[in-house]
Structures are given as structure tokens and as C-alpha cells.
Participant: 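One structure follows; several queries about it will come next.
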Amino acid sequence: MFTKYIITMLQIKIFQCNFIEENCYILWDNEAKNDCWVVDCGAFYPQEVQIITDFMTKKGLKPTRHLLTHGHFDHIFGAKAIWERYGVAPTLLQEELETYEKAPKQMRMLIREGFDFEVPSAGELLRDGDELILGRYKFCVLATPGHTPGGACYYCAEEGILLSGDTLFRHSYGRTDLPGGNYRQLFDSLERLMKLPDDTRVLPGHGPSTTIGEEGGFLG
């Protein structure tokens, strides 16, 4: 498992998880309580779950929210573990509930492996424009459908950070050939993101970070 810190006032730790190398993020505010957010826990192997939970224990952190950018299986393998250990159910957009609930079936369809997984019932259901608070920091919920019907990004203007899930990657963007994908919607979502400040740091669901300015040049 690959891990990395993002250095900002808002503390961010990255864990690269599972066989698809998905990025799971832990976010917290050192100046506030020990509350933290888990974003897209894709921990599939028991040792991945252990590394992530050991990290939070060592830092004295307790998750108060498991935030999902979307419901594909590689982003939610660890949802059950977070629920069982901390009693925190996934938070996602209302429009993404069906994708989330069907993720185990989708995995069997795509991977065709002899393993399965369970997902807990979803918790809070969000809508575009909702605001979420972590310590001193405010995140705006941006609905970005296209990769999935209810995909979302989470933007902290104060820190200039965007959690983009699989909507936007470094020099790439999410595929639209899976059930519920829609290229027109994804194009509109990318246009929306390109209106953010150029120096916004993009933290994607896979691969390295980038900036809105760099991706604006790439997407043309």
C-alpha cells in the first residue's frame, strides 16, 4: 500500500488501496477536535484496513464521516469495515444511491472473480450545493455526474482543494462506458470544474494530484 501526505493547513493523508490502486483520503484539522473524515475507503485487503485504522488510532483520530465521491466498488470496499469499527455509514449524493447499492453486482460483472463483498446501508444523502464542515474548514458539495449518475466532488475554497473522485484525473477524466455513465453529463461536469481557480489542487480517485490550471490546459 502506498501512502503520502498532502501538506496544507488542512491535514490530508493518502492511502493507495486495492488492486485498482484507488486513492483513499483521511482529512482532519489539527487545530480542532480529533474528528476526521475518511473519503472513499477502498481498502480491500485486511492489511489495508489495518494500516488505515492504525494510522487513525496513532493520530488519535476518530472518523465522523465516510464521504463518497461515487459508489463504484473500488471506492467502497472498506465501507463495511468503517461501519463496523466506527459506526459511520457512507455519505453520498442521493442520485448515487442505486450505483452504491449495486456495486457488488457490478464488480462480479466486470472482474468475474470468485470473491464478493457487502456494503452497509448508506447514511446521509447529499444534494448539490450542500455545505459540510470539518473543523475550521467548509466543503461545498458539487454534483458532477457523468462517470456515474450521482458522482460528486468536494471543494474547500479556503484551502484551494478539490476531491474529484473519478470525474477528473491528471491529464484524464472518468470513463463513461459503465452502467449509468453519460459523456454529455461528464463534459458538462468538467466545464463546471474548470471554472474553479487555476491554483485549485485536485486530489483524484486514482493517480497523482494535479491543478485545475494544468487540466484546463490539457482539456483545451
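We use all heavy atoms of the structure for the numbers below, so side chains are in, but hydrogens, waters and symmetry mates are not.
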Participant: Are the ring centres of Phe77 and Phe117 closer than 6.0 Å?
Facilitator: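 Yes, the ring of Phe77 comes within the 6.0 Å limit of the ring of Phe117, centre to centre.
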Participant: Taking Thr148 for its side chain and Gly151 for its backbone only, find out whether a donor-acceptor pair lies under 3.5 Å.
Facilitator: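 Yes; at least one donor-acceptor contact below 3.5 Å.
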Participant: Step through the shown structure and confirm whether more than 12 heavy atoms of other residues, nucleotides or ligands are within 6.0 Å of CZ on Phe169.
Facilitator: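 Above 12, so yes.
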Participant: Exactly one of Tyr25, Phe55, Phe44 should register a ring pair (Phe, Tyr, Trp, His ring centres under 6.0 Å) with Phe15. Which one does?
Facilitator: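 Result: among Tyr25, Phe55, Phe44, Phe55 is the only option passing the ring pair (Phe, Tyr, Trp, His ring centres under 6.0 Å) with Phe15.
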Participant: Contact between Glu95 and Pro145 at the side-chain level, heavy atoms closer than 4.5 Å - yes or no?
Facilitator: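 The answer is no, as the side chains (C-beta and beyond) never meet within the 4.5 Å cut-off.
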Participant: Quick one: does Asp29's side chain have a donor or acceptor within less than 3.5 Å of a partner on Arg136's backbone?
Facilitator: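 Yes, because the side chain of Asp29 sits within donor-acceptor range (under 3.5 Å) of the backbone of Arg136.
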Participant: Any sub-3.5 Å donor-acceptor pair from Glu159's side-chain atoms to Met9's backbone N or O?
Facilitator: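 Such a contact is found between Glu159 side chain and Met9 backbone.
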Participant: For Leu190 and Leu168: C-alpha separation, side-chain torsions, deciding distance, then whether side chain to side chain contact (heavy atoms under 4.5 Å, CB included) applies.
Facilitator: CA-CA 7 Å; Leu190 292 171; Leu168 178 64; 4.0 Å; yes
Participant: Could you tell me whether the side chain of Glu96 reaches within less than 4.5 Å of the side chain of Pro149, counting heavy atoms only?
Facilitator: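 Touching, per the 4.5 Å side-chain cut-off.
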Participant: Can a salt bridge be assigned to the pair Asp54 and Lys58 using a cut-off of 4.0 Å between side-chain N and carboxylate O?
Facilitator: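 Salt bridge: no.
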Participant: Pairs of donor and acceptor atoms involving the side chains of residues 80-92, under 3.5 Å and at least two apart or interchain, shall be tabulated with distances.
Facilitator:
from	atom 1	to	atom 2	distance (Å)
Lys80	NZ	Glu118	OE1	3.1
Arg85	NH1	Thr53	OG1	3.4

Participant: Identify which one of Val38, Val39, Asp40 satisfies the side-chain contact (heavy atoms from CB on, under 4.5 Å) criterion when paired with Cys24.
Facilitator: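 Among the candidates, only Val38 passes.
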Participant: Pairs in or reaching into residues 128-155: which pass ring-ring contact (aromatic ring centres under 6.0 Å, His included), with residues at least two apart or in two chains?
Facilitator: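 Passing the test, one end in residues 128-155: Trp37-Phe139, His70-His147, His72-His147.
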